[in-house]
Amino acid sequence: MAIYLTKESKVLVQGMTGGEGMKHTRRMLAAGTNVVGGVNPRKAGRTVDFDDRAVPVFGSVADGMRATGADVTVVFVPPAFAKAAVVEAADAGIALAVVITEGIPVHDSVAFTAYAKEKGTRVVGPNCPGLITPGQSNAGIIPADITKPGRIGLVSKSGTLTYQLMYELRDIGFSTCVGIGGDPVVGTTHIDCLAAFQDDPDTELIVLIGEIGGDAEERAAAYIREHVTKPVVGYIAGFTAPEGKTMGHAGAIVSGSSGTAQTKKEALEAVGVSVGSTPTETAKLVLARLEGRQRSTQG
């Protein structure tokens, strides 16, 4: 099992013929992803050769879906065209749109995430590394060779920390890793992933990575209290961030005690989440929770 992405997923790549699209399509194919087509209205009807695989280019998402049965699209288009790309995908009725593009204006993200939700399309991102179900499929830019299939579900605002935790816990492996992105507006939240991992029988433990700014982690803590029975281990990036400064790609502003790493840590710990002070300590907490869970089931 997995969440959102499996070996059965059929993936389109909007912007496949651009530099980033070409590079990461090749990497996705090497990871076993079933990439069934690219989308570029100016190059419709052509094919692009990726080693031993020729991938057709379609003029629209709708055309690609009709021809291939695609149910996922990965968006590698420039920021100015991202809104139109997601709206096109949602109008076509695709189930999942993974928006890798960074630098999208917030008002565009507000518009296309709301529109996609109305149309029934799940958006992961924007400004995210995508998601991977190790051994099955990889939609985005997450390195596929740093971990293996396993029992941990991971949801993270940070791409870099996604990779680090995947590597630190590579001996156990992951069901699915979802990089939701750290922009002020994202289509899929911590809570969405917590709910999906809670329902996934092959996910035994959930790792939640947050960042300073906003209240997403506090809201996730409230959801965990009411709905999540599986163990959760957390990490919050930004303990050393100076107050009142805009930090990193998230544009997170810490004011007083609001949005700080400490308040987020306290909110999560209050509902039974073990929170590490570093990524390595977080990985050790995961191992301890899994070992404790194993002992309790054997006892």
K.L.:
Is it the case that Thr203 and Arg151 place a side-chain donor and acceptor less than 3.5 Å from each other?
P.N.:
no

K.L.:
Does Thr33 use its side chain to pair, donor to acceptor, with the backbone of Val35 at less than 3.5 Å?
P.N.:
no

K.L.:
Between Glu218 and Lys264, does any side-chain N to carboxylate O distance fall below 4.0 Å?
P.N.:
yes

K.L.:
Look at Glu281 together with Lys284 and state whether they make a salt bridge at an N to O cut-off of under 4.0 Å.
P.N.:
no

K.L.:
We want to know whether Thr73 and Gln14 form a side-chain donor-acceptor pair, criterion being a heavy-atom distance below 3.5 angstrom.
P.N.:
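There is such a pair between these side chains.
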
K.L.:
Between Ile191 and Ala220, which heavy-atom pair has the shortest distance, and what is it?
P.N.:
CG1-CA, 3.9 Å

K.L.:
What are the two closest heavy atoms between Ala144 and Asn138, and how far apart are they?
P.N.:
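Heavy atoms only, the tightest pair is CB-ND2, 3.9 Å.
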
K.L.:
About how many Å separate CG of Leu208 and CG of Leu194, when rounded to the nearest 0.5 Å?
P.N.:
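If I round to the nearest 0.5 Å, the distance is 5.5 Å.
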
K.L.:
Would you say that more than 12 heavy atoms from the other residues, nucleotides or ligands in this model lie under 6.0 Å from the CZ of Phe81, or not?
P.N.:
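Result for CZ/Phe81: open.
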
K.L.:
Going by heavy atoms in the side chains, are Leu290 and Ile172 under 4.5 Å from each other?
P.N.:
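SC-SC contact between Leu290 and Ile172 confirmed.
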
K.L.:
Could you give me the CA-CA distance, side-chain angles and deciding distance for Leu268 and Ile236, then say whether side chain to side chain contact (heavy atoms under 4.5 Å, CB included) is met?
P.N.:
CA-CA 10 Å; Leu268 289 166; Ile236 307 296; 3.9 Å; yes

K.L.:
Would you kindly check if the NZ (Lys) or CZ (Arg) of Arg53 is within the cone defined by 45 degrees around the ring axis of Phe50 and under 6.0 Å from the six-membered ring centre?
P.N.:
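Ring-cation test returns no.
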
K.L.:
So how far is it from Ile142 CD1 to His24 NE2, rounded to the nearest 0.5 Å?
P.N.:
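Ile142 atom CD1 to His24 atom NE2 measures 11.5 Å (nearest 0.5 Å).
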
K.L.:
Nearest 0.5 Å, what's the OG-CD distance between Ser274 and Glu269?
P.N.:
7.5 Å

K.L.:
What is the distance from atom OG1 of Thr229 to atom CD of Gln198, rounded to the nearest 0.5 Å?
P.N.:
3.5 Å

K.L.:
Check for me, please, whether Met16 and Val39 land in the same ILVMFWY cluster - side-chain distances under 4.5 Å, paths through other members count.
P.N.:
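Hydrophobic grouping puts Met16 apart from Val39.
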
K.L.:
Give a yes or no on whether the backbone of Thr17 and the side-chain of Asn40 come within a donor-acceptor separation of less than 3.5 Å.
P.N.:
no

K.L.:
Using a 3.5 Å distance criterion without hydrogens, assess whether the side chain of Thr263 forms a donor-acceptor pair with backbone atoms of Thr260.
P.N.:
yes

K.L.:
What heavy-atom pair brings Leu131 and Leu5 nearest, and what distance separates the two atoms?
P.N.:
O-CD2, 3.6 Å

K.L.:
Taking Lys83 for its side chain and Ala111 for its backbone only, find out whether a donor-acceptor pair lies under 3.5 Å.
P.N.:
no

K.L.:
Testing Val232, Leu154, Ile152, Ile224 for side chain to side chain contact (heavy atoms under 4.5 Å, CB included) with Ile206, which one passes?
P.N.:
Val232

K.L.:
If we only count heavy atoms from C-beta on, is the Val75 to Val98 side-chain gap below 4.5 Å?
P.N.:
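A side-chain contact is absent here, since even the closest heavy-atom pair is not under 4.5 Å.
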
K.L.:
Mind checking whether Ile180 and Ile3 sit in one hydrophobic cluster, side chains of I, L, V, M, F, W, Y counted as touching below 4.5 Å?
P.N.:
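The answer is yes; both residues are in one hydrophobic cluster.
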
K.L.:
Is the shortest side-chain N to carboxylate O distance from Glu217 to Lys157 below 4.0 Å?
P.N.:
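Lys157 and Glu217: salt-bridged.
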
K.L.:
Is there a donor-acceptor contact under 3.5 Å from the side chain of His190 to the main chain of Ile209?
P.N.:
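Yes, because the side chain of His190 sits within donor-acceptor range (under 3.5 Å) of the backbone of Ile209.
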
K.L.:
Do Val11 and Val36 have side chains that approach each other closer than 4.5 Å (heavy atoms only, starting at C-beta)?
P.N.:
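No, side chains not in contact.
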
K.L.:
With the threshold set at 4.0 Å, does a side-chain nitrogen-carboxylate oxygen contact exist between Asp192 and Arg122?
P.N.:
yes

K.L.:
Could you measure the distance from the OG atom of Ser109 to the CG atom of Asp183? Nearest 0.5 Å is fine.
P.N.:
6.0 Å

K.L.:
Any side-chain donor paired with an acceptor under 3.5 Å for Thr133 and Thr176?
P.N.:
yes

K.L.:
What distance do Leu287 atom CG and Leu169 atom CG have between them, rounded to the nearest 0.5 Å?
P.N.:
6.0 Å

